[in-house]
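Shown next, in structure tokens, is the structure this report addresses.
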Amino acid sequence: MTSQPLPLSHVKISDAFWKREMDLVRDVVLPYQWDALNDRIEGAAPSWWMHNMRAAARSVAARKAGGPYVPHGRPDQIHIEGPDPASADPDAFYGWVFQDSDGYKWIEAASYQLALKPDTALQARVQEAVDAVCAAQEADGYLNTYYTLNGIDRAFTYLKDHHELYCFGHLIEAAIAWRDATGRDDLLNVTRRFAACIARRFGPGKDRGCPGHEIAEMALFRLYEATGEQEWLDLANFFLDVRGTEPSTFALEENERRKREGLPALPVTASRYVYYQAHKPVRQMREATGHAVRQMYLCSGMADAARVNRDGAMLAACEALWSSAVDEKMYVTGGVGGTHVGEAFSLPYDLPSDTAYSETCAAVGLVFFARRMLQLRPDSAFADVMERALWNTVLAGMALDGRSFFYVNPLEVDPAACREDQRLSHVKPERQKWFGCACCPPNVARLLSSLGAYIATQSADTLFVHLYVGSEIEAVLSGKRVRLSLDANLLRDGVIRLSVTEGEAEGTIALRIPGWADGFRLDAPGRPCRTQDGYLFLSGRWRAGDTVHVDFPMPVRVLTGHPMVKETAHQVCYSRGPLVYCAEEKDNGAYLHLLQALPEAEAQVAWETIGSLRLPVLKVPARRRQIGTGGLYRPWSVPDTEDTSLTLVPYFAWGNRGAGEMRVWLYD
Ligand code: FUB
Ligand code: ZN
């Protein structure tokens, strides 16, 4: 029994915490990011997004008027360093080959906000962005500013690294969101024309090829489901089926490039492309490998394929990849990607805290994958991970004031080491205003703005509630429309109240039993109830006024890592509900590694203000090891310690009070 997310306009978020996050995205993050896309933020790395769109539009217009093609001729670079925007060549491309995608994500995020609440000023801004994209489209439908400006004859010749299909995927997501929010199909038509241009080139009996950075797959499934147009389903399936087959399309294109550079050809075997998840046919994949964001996006597309095509072999691969990613390679914060070398998954159980990569986008991708697995097979294990990634790493990616961002999400930080030690050069102890490679900030914006699509999914006769985010939900149960009010505040406790506010229908409401809950107390007199796969299935007739209460007790939990995780040996971390906690220097002084947790001692919940938020912190009895006297190596003796009490803050809120040390794992 598969299920579908509800339309965004059918889930009105009222939750005290999450409503603020969503409003922050609308009121602060989107305007800020619009300025970033237009290179108007002083002291921040330029985005070049609007610059590149306008330059491409001029190039296209000049040719439409009969002028010659004047490429800037650097079609082999992955990044073109720009000068100060004020002195930039107006007709040149600057930034990464995937720069177009930043603005597409912004259009998508802004459109989700428009779907929730009309806003003339925001809509006008998005229209400006949409118009800029439409104007940059080539006459044959091709749309990518990097190749338009640097050498259109090289389009589609280096899919492995040059991200045209990645930008295409983000364009699809933006176009559907914009159409759904406003009814305007300008961007969707442009997207269809680009999709048709791609489908003329790639497909059975045409060129073989697939995205070097996945996302087009899941986006094409969405395009197919949004339009019913078969060709996009065919293209999505083609990209998945070609991936990892012999001879490797990535090797073939790499060899073409090498030939141009006078270099000898490389073997064309797929097995070399583990990093790109193109080392074997996708249905044979069992281990999460390579670049973490790519892997998560591929898994999301595979899960869509498993559902849409009812493909059992694809589902088996998804289940195995899920288990590899989540049971062996995920941080306690729901982050994935243990190594900064290639922003990638490392070996099973290799989860270093200080050199962690745990890119914000990879956690966003894990949320995408989890929701798709839930659509295939409701199992609370998927929702537990979705919630963990969302509440911890995704939220940590953005400052509480919405004005700065983390790309990398370490579990241990020493700002001095980050400054001095090259091995930590990727770890920023403070959130940044923007990035030259700015994939993460707009990814957080689009996920938070579409949170309603993750809270619940529905099948013909069942509404599954996966996330306890207070909201007003309009669902269809066995063909009948009902309105429900979901009351929750997980910062406070695990008490959930679900009431029917309008309508009458027969069917089932399935409430997730969170993995963090210490059992549950259900109050639903007379309502037939059973539990399965971590959900509480409540069935029967639902009428306005019906109310169900569930208390999911939310004790403080002291966690330890799997014994094979070397990094967490003899360490513990604290969590409560979906939140993982960490110690910061601001509350606990420097040298956090000298702290010794006392896991058996009781922790207390207290409320403190961080930024402008009242948040639950933990007060935990602990000991502080004394530095004492003696040299670098000393005779062992029972360590001298001093009793102390630690203040632990939610991981998502760390780094909002200036730079300082931070640790999630404490020695026990
Ligand atoms: O390559 C596009 C995006 O930039 C990736 O998803 C991120 O990991 C960063 O490399
Ligand atoms: Zn990113």
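Just so you know, these numbers come straight off a predicted model, no measurement behind them. Remember, it's 1-based here, ligands and their atoms both numbered in the order they're listed.
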Taking a 3.5 Å cut-off between nitrogen or oxygen atoms, can you list every pair linking ligand 1 to the protein, with distances?
residue, atom, partner, partner atom, Å
ligand 1, 1 (O), H163, NE2, 2.7
ligand 1, 6 (O), H213, NE2, 2.7
ligand 1, 8 (O), H291, NE2, 2.8
ligand 1, 8 (O), E343, OE1, 3.0
ligand 1, 8 (O), E359, OE1, 2.7
ligand 1, 8 (O), E359, OE2, 3.2
ligand 1, 10 (O), E343, OE1, 2.6

*Among K428, R423, Q422, side chain to side chain contact (heavy atoms under 4.5 Å, CB included) partner for S425*: Q422
*Please say which of H163, H213, H162, H79 ends up in a ring pair (Phe, Tyr, Trp, His ring centres under 6.0 Å) with W96.*
H79
*asked:* For the backbone of D76 and the side chain of Y158, can you confirm whether one donor and one acceptor N or O come within less than 3.5 Å of each other?
replied: no
*What's the verdict on side chain to side chain donor-acceptor pair (under 3.5 Å) for R208 and T245, showing C-alpha distance, side-chain angles and the deciding distance?*
CA-CA 10 Å; R208 290 170 70 241; T245 57; 3.0 Å; yes
*Could you tell me whether E108 and R446 make a salt bridge, using a distance below 4.0 angstrom between a side-chain N and a carboxylate O?*
yes
*Pairing of R222 and E173 as salt bridge, 4.0 angstrom limit*: yes
*asked:* Given the ring of Y454, does R371 sit roughly above its face, with NZ or CZ under 6.0 Å from the centre of the six-membered ring and within 45° of the axis?
replied: yes
*Does any N or O in the side chain of S323 come within less than 3.5 Å of the main-chain N or O of E319, such that one atom is a donor and the other an acceptor?*
no
*Are there any protein N/O/S atoms under 2.8 Å from the Zn ion (ligand 2), and if so, which?*
E359 OE2, C361 SG, C439 SG, C440 SG
*Relative to the ring of Y104, is the ring of W49 parallel (under 30°), tilted (30 to 60°) or perpendicular (over 60°)?*
perpendicular
